Structures are given as structure tokens and as C-alpha cells.
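Notes for the one structure printed next.
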2 protein chains.
Amino acid sequence: MHLSISEENYIKAIFHLQEADGTVSTNQLAANIHTKPASVTDMLKKLTAKRLLLYKPYQGVRLSSEGRKLALEIVRKHRLWESFLVDKLQFGWDEVHEVAEELEHISSKKLVDKLDQFLGNPKFDPHGDPIPDSNGVMHAIRQVNLLDLKPHTKAEVCSVGSQSPELLELLKHKQILIGTRLEVQHKFEFDHSLEIQVEGKGKINISQQLAQALFVKII
Amino acid sequence: MHLSISEENYIKAIFHLQEADGTVSTNQLAANIHTKPASVTDMLKKLTAKRLLLYKPYQGVRLSSEGRKLALEIVRKHRLWESFLVDKLQFGWDEVHEVAEELEHISSKKLVDKLDQFLGNPKFDPHGDPIPDSNGVMHAIRQVNLLDLKPHTKAEVCSVGSQSPELLELLKHKQILIGTRLEVQHKFEFDHSLEIQVEGKGKINISQQLAQALFVKII
DNA sequence: AAAAATATTTAGATTTGTCTAAAAATATTT
DNA sequence: AAATATTTTTAGACAAATCTAAATATTTTT
Ligand SMILES: [Mn+2]
Ligand SMILES: [Mn+2]
Ligand SMILES: [Mn+2]
Ligand SMILES: [Mn+2]
């Protein structure tokens, strides 16, 4: 099954969007992929004909098992390349997403597996997201949104909810990285902001919007 | 100047073909790029409009200085990725060309320069071809075709004239690599074949066709 | 249960890169 | 210098991926 770069981008977007809702709407997909709904409908028909999607007109779309398998291959490549860029080429973790968006479409299976090996078979990418293995098995880590973390519980930042440059800039400024250890001190009802104790640093305040974008694992 | 993958492939092909003749014909290009002459004419017009080519209908084409600059960037990426695959990922030097054909189109300038640095700024790729630096400067090595090597002169294989799998298979079988040292013992007038003394090995025979595909530097 | 609003699909056009077949230009042979 | 062969360009078609505008289906509000 050979897919074009566009087709791969659609498959990957559906994969990510359906994590949340189970099923993905035409408009959601159009917004995510920066195209118009009419274009999405065309592509959904094409990918359905290739048996990669389960699609009922007007009723949204999901990946077929074949589609899911392909999506996992693309996600695997994306996250391995991100790891390569950060671990080997000294990119910042906030600079790698765009480049990986291109590299994920390189098709050589051998390349991916050799790269995986070269990197020491990493389990998580620089943003803390899990990397599927060569069989498409991806172990989800137990991670909790920072908003849902119980106060006075030690936890470690393990992923971020978006790769927007604005978010990453803010994290850089607050010196919050993947692996940063912290503990919620207070939750403020008024604006849902948090006071956080960062290990080795002082107390800082985090807005609701920022907390929502941070995922931690309890340690 | 943003180019599509197709446009980049044309620019690169013209670069390689004009090394020999100075000017490149429509048919030559069509054969090289596995497309039809009519398609080539269309693309030549488009790239000429972008000021990357010097093209007179019916009279062949050359790269403009702008086109040459872009070609060198693509060649740089191709050869750096080949070096990466061989040096870091343990690919055989006969397996890398196709993958590099895809990787050469990744656009990040930062990626290329970081990769160059990561590899230790190599001057030659696994086939012995010189790698342009980030300013597009490429130092040609003084290399001689094996057919033109004077008998009883020690030399070292430093590049091959094609990356065809058939050629590379033959070289593997004869245990000839980049860096192999050898000396011509006899030249046979009848079929222009050569008897070669390979350092550390015995004498072997090499056909005219094979000798033509091998370039050596005198040591 | 209508009416209104929203979401989705269809229809028709556009761009890019390719093709085949035919026409025109150039090169080679007689 | 014609005639012939070869090369190159033009003309017209097509598939992929996108768009806008219009039609249709679904959902929400009244
Ligand atoms: Mn992508
Ligand atoms: Mn990531
Ligand atoms: Mn290429
Ligand atoms: Mn090479």
C-alpha cells in the first residue's frame, strides 16, 4: 500500500483526532490539516476506496485496522526522527516538529529500523510521547493532566499537549522541561490557576491554560 | 526560491549531465529522469521562467548561476545523507542511493548543517564523490579513469561512475571497495580488458566496461 | 414540528506534473 | 540540395490535490 504525502498526512491526522472522540468530523479534520471541508470529503472517499477508513457520509470517519497500522508507522517515524534531531543533532525540543513533519514521509522500512537501533530503541520522544515499535505496538504511559493532579503529590512532566511555538516559548521561560519534577501546592478556584513547587527551584504560578497543556506522571 | 521535488530532481539531473557536455539535450534529460521528452520541455519552460536555467528551444539547456547554486545544495544533501546511512546506520554503500534520493529533498537548512557537523564535515561520500560545503564549494579530487591509468602505477579506488545495483553487485563480488589499492599489470588490446594486481589479494581481470566505471587516484 | 443554523457533500474550476500523438525544427544521408 | 531521419516542441488529455460556490443533510433552536 503506497500512500502519497497528502494521504499520509490525512491518515495521521485522523489517528490523532480519533484518540479523543472515537470518530472524526469533516470540519475537525479540515481545521487540523489546514484545508477546506470539500477537500477533506474528496480525500475521505479516496482513502475509503483504499479500505483505510470506515466512513459514512455525514456520520464522520474512523481508521480501519489497516489504516491504524499505517498511522502507527507514520507516528513511529515522526517520533524517531524527533528523537534523532534532539539526541544526536542537538536540536531544541521546540524546533523539531516541523522537520519531522517532512522526515516522517521517507519510506524506507530499513531506514526506520536502523534509526531506531541507532538511537537505542527509545520508548518516548522528546515531548514525552510514546514511540510505537516496529510491530506498531505503542505502550501508553499513565499520564495525568496537571489540572487533575492531586495537591501535594510528586510528579514529573512527561508530555505537552501541543507543539505550538507560543507554548514552548512559555515553558522555556518558566524552565519547565520533560522530566521536571514538581508538586501542586494550591489550586485557586477563582481562575483555576495553580501554585506549583518545582524541585530545585522555587514556587511558581501556572495558569489554567498552561496546566491544561501539561501532562505528568506520578512518581 | 521554493522548489517541488520534481523541480529539484530536474535541477540535479541537469547539473550532473552538464558536467560532461556543458549543455544538456531534452532527450538526454528525459532518459536520465525516466520521463518523456514532452514532459521535459514543459519543465524546462517552467524552470527557465524561474531563472534557474539558460534554455534556448532546440538548442539544449544549462543551469544559470542561481540554478547551479541550488543544484549544489541538493547534491550536498544527497551525499551527506549517504554518508550518514553508511557511517552511522551501517548501510552498505550499495544500498544508500535510493534512500538518499528521497532524503535529499528535506528542506531544513539547519538540519543539513547539523548533520554535516555530526558526521565530522566529511569531504567525500561513500562512493568517493566530493561533498559541497555549506557555501556550495566542492573541491574536485584529481581522479583518473582506470582505463587511463598507466600500468605499474599504484592507485586507490576513489569513486564509481554509476550507482546501478548491477555495478555495485559486481564490485562486491570482486571485493573492490572505495579505498582498495591496486596496480594495472597488463592492458589487452583485443577487448581492452585489464589485468589488475589488487593489494593484499591476487591478480584479477577487469572488463573494459567495468574499468570505465572505476575512478582512482594515484598514490 | 417548523424554522434557522450548521455541517457536509456535490459541481465545476485550477494547478502541477505527467502522458500520447501530431507538428515543426534540426541533423544526417543520399 | 533534396530527401530522410532524428530531435524537440506543441496540442490536447488525464490524474492528484486543492479551491469556491451551490446544494443537501443534519442538528439546534424556537
Ligand atoms: Mn507530514
Ligand atoms: Mn513529538
Ligand atoms: Mn530525488
Ligand atoms: Mn553517492
Side-chain angles (χ1 to χ4, degrees), chain A residues 1-15 17-18 20-63 67 70-71 74 101-102 104-105 107, chain B residues 1-15 17-18 20-63 67 70-71 74 101-102 104-105 107:
Chain A
M1 174 79 23
H2 176 261
L3 298 183
S4 70
I5 291 176
S6 273
E7 288 172 322
E8 289 194 346
N9 284 335
Y10 274 88
I11 292 288
K12 192 182 66 152
I14 294 167
F15 177 82
L17 291 170
Q18 80 176 15
D21 308 273
T23 182
V24 181
S25 76
T26 301
N27 270 5
Q28 257 184 305
L29 206 37
N32 184 276
I33 229 166
H34 300 110
T35 67
K36 301 296 182 214
S39 309
V40 171
T41 301
D42 285 348
M43 187 59 94
L44 294 184
K45 286 195 228 169
K46 195 191 336 175
L47 294 174
T48 301
K50 292 189 176 184
R51 313 206 151 278
L52 303 178
L53 303 182
L54 305 171
Y55 165 59
K56 292 284 202 182
Y58 297 100
Q59 305 304 308
V61 69
R62 300 185 297 125
L63 292 175
L70 290 170
I74 303 163
E101 207 56 46
E102 286 184 61
E104 70 189 359
H105 304 290
S107 58
Chain B
M1 174 77 24
H2 176 263
L3 297 184
S4 71
I5 291 176
S6 275
E7 290 172 322
E8 289 195 346
N9 284 335
Y10 275 88
I11 292 288
K12 193 181 65 152
I14 295 167
F15 176 82
L17 290 170
Q18 78 177 15
D21 307 272
T23 183
V24 181
S25 77
T26 301
N27 272 4
Q28 259 185 304
L29 205 38
N32 184 276
I33 226 164
H34 300 111
T35 178
K36 301 294 179 212
S39 309
V40 172
T41 301
D42 284 349
M43 186 59 94
L44 293 185
K45 284 194 228 166
K46 198 198 324 179
L47 293 174
T48 302
K50 292 188 175 185
R51 313 208 150 279
L52 303 177
L53 303 181
L54 304 172
Y55 165 58
K56 290 284 202 186
Y58 297 99
Q59 305 304 308
V61 69
R62 301 186 295 125
L63 292 175
L70 290 169
I74 303 163
E101 208 54 47
E102 286 185 59
E104 71 190 358
H105 304 290
S107 57

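Here the structure is a predicted model, which is why all the values come from computation and not from measurement. Atom set for the values below is all heavy atoms of this structure, side chains included, hydrogens, waters and symmetry mates excluded. In what follows, every chain begins at residue 1, and chains take the letters A, B, ... in the order their sequences are listed.
- For the pair A:Tyr55 and A:Ile14, the minimum side-chain heavy-atom distance is 4.5 Å or more.
- Both A:Lys36 and B:Lys45 lie close to DNA chain D; mapped to their nearest nucleotides by heavy-atom distance, the more 5′-ward contact belongs to B:Lys45.
- Note: CD1 (A:Ile5) to C1' (C:dT16) measures 14 Å, nearest angstrom.
- Across B:Leu54 and B:Leu63, no two heavy atoms sit closer than the pair CD1-O, 4.0 Å.
- Protein atom CG of A:Asn9 is 9 Å distant from nucleotide atom P of D:dT18, rounded to whole Å.
- Phosphate proximity of C:dT9 to A:Thr41: present, with a side-chain N or O under 4.0 Å from OP1 or OP2.
- Not one side-chain nitrogen or oxygen of B:Ser25 sits closer than 4.0 Å to the OP1 or OP2 atom of D:dT7.
- Contact annotation: A:Ser6 does not reach the phosphate of D:dA16 (side-chain N/O to OP1 or OP2, under 4.0 Å).
- Computed from coordinates, the B:Glu7 CD to C:dT18 P distance equals 10 Å when rounded to whole Å.
- Considering only heavy atoms from C-beta on, B:Leu70 stays 4.5 Å or farther from B:Glu8 through its side chain.
- Checking the phosphate oxygens (OP1, OP2) of D:dT9, a side-chain nitrogen or oxygen of B:Tyr55 falls inside 4.0 Å.
- As rounded to whole Å, 18 Å separates atom P of D:dT8 from atom CE of B:Met43.
- B:Leu52 places a side-chain heavy atom less than 4.5 Å from the side chain of B:Leu3.
- Within the structure, a side-chain polar atom (N or O) of A:Asn27 is placed less than 4.0 Å from OP1 or OP2 of C:dT8.
- Across the strands present, C:dC19 finds its partner in D:dG12; the criterion is a Watson-Crick or G-U wobble pair with both atom distances under 3.5 angstrom.
- Put simply, CG on B:Asp42 is 15 Å from P on C:dT15, counting in whole angstrom units.
- Here C:dC19 is the nucleotide among C:dT18, D:dT8, C:dC19 with the atom lying nearest to any side-chain atom of B:Ala38.
- With rounding to whole Å, B:Ile33 atom CD1 is found 15 Å from C:dC19 atom C1'.
- Checking C:dT30 for Watson-Crick or G-U wobble geometry (two distances, each under 3.5 Å) identifies D:dA1 as its partner.
- In this model, the phosphate group of C:dC19 is approached by a side-chain N or O of B:Thr35 to a distance below 4.0 Å at OP1 or OP2.
- When both pairing distances are held under 3.5 Å, C:dA11 makes a Watson-Crick or G-U pair with D:dT20.
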Residues A:Gln18, A:Val61; criterion side chain to side chain contact (heavy atoms under 4.5 Å, CB included); working and verdict: CA-CA 9 Å; A:Gln18 80 176 15; A:Val61 69; over 6 Å; no
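- Residue A:Gln59 contributes atom CD, which lies 6 Å from atom P of D:dT26 at whole-angstrom precision.
- When Watson-Crick and G-U wobble pairs are counted only if both distances are under 3.5 Å, D:dT29 pairs with C:dA2.
- Residues A:Ser39 and A:Pro57 each lie close to DNA chain D; by heavy-atom proximity, the contact nearer the 5' end of the strand is made by A:Ser39.
- Neither OP1 nor OP2 of C:dT10 sits under 4.0 Å from any side-chain N or O of A:Tyr58.
- The minimum heavy-atom distance between B:Ile33 and B:Ala13, with the atom names listed, is CD1-CB, 4.1 Å.
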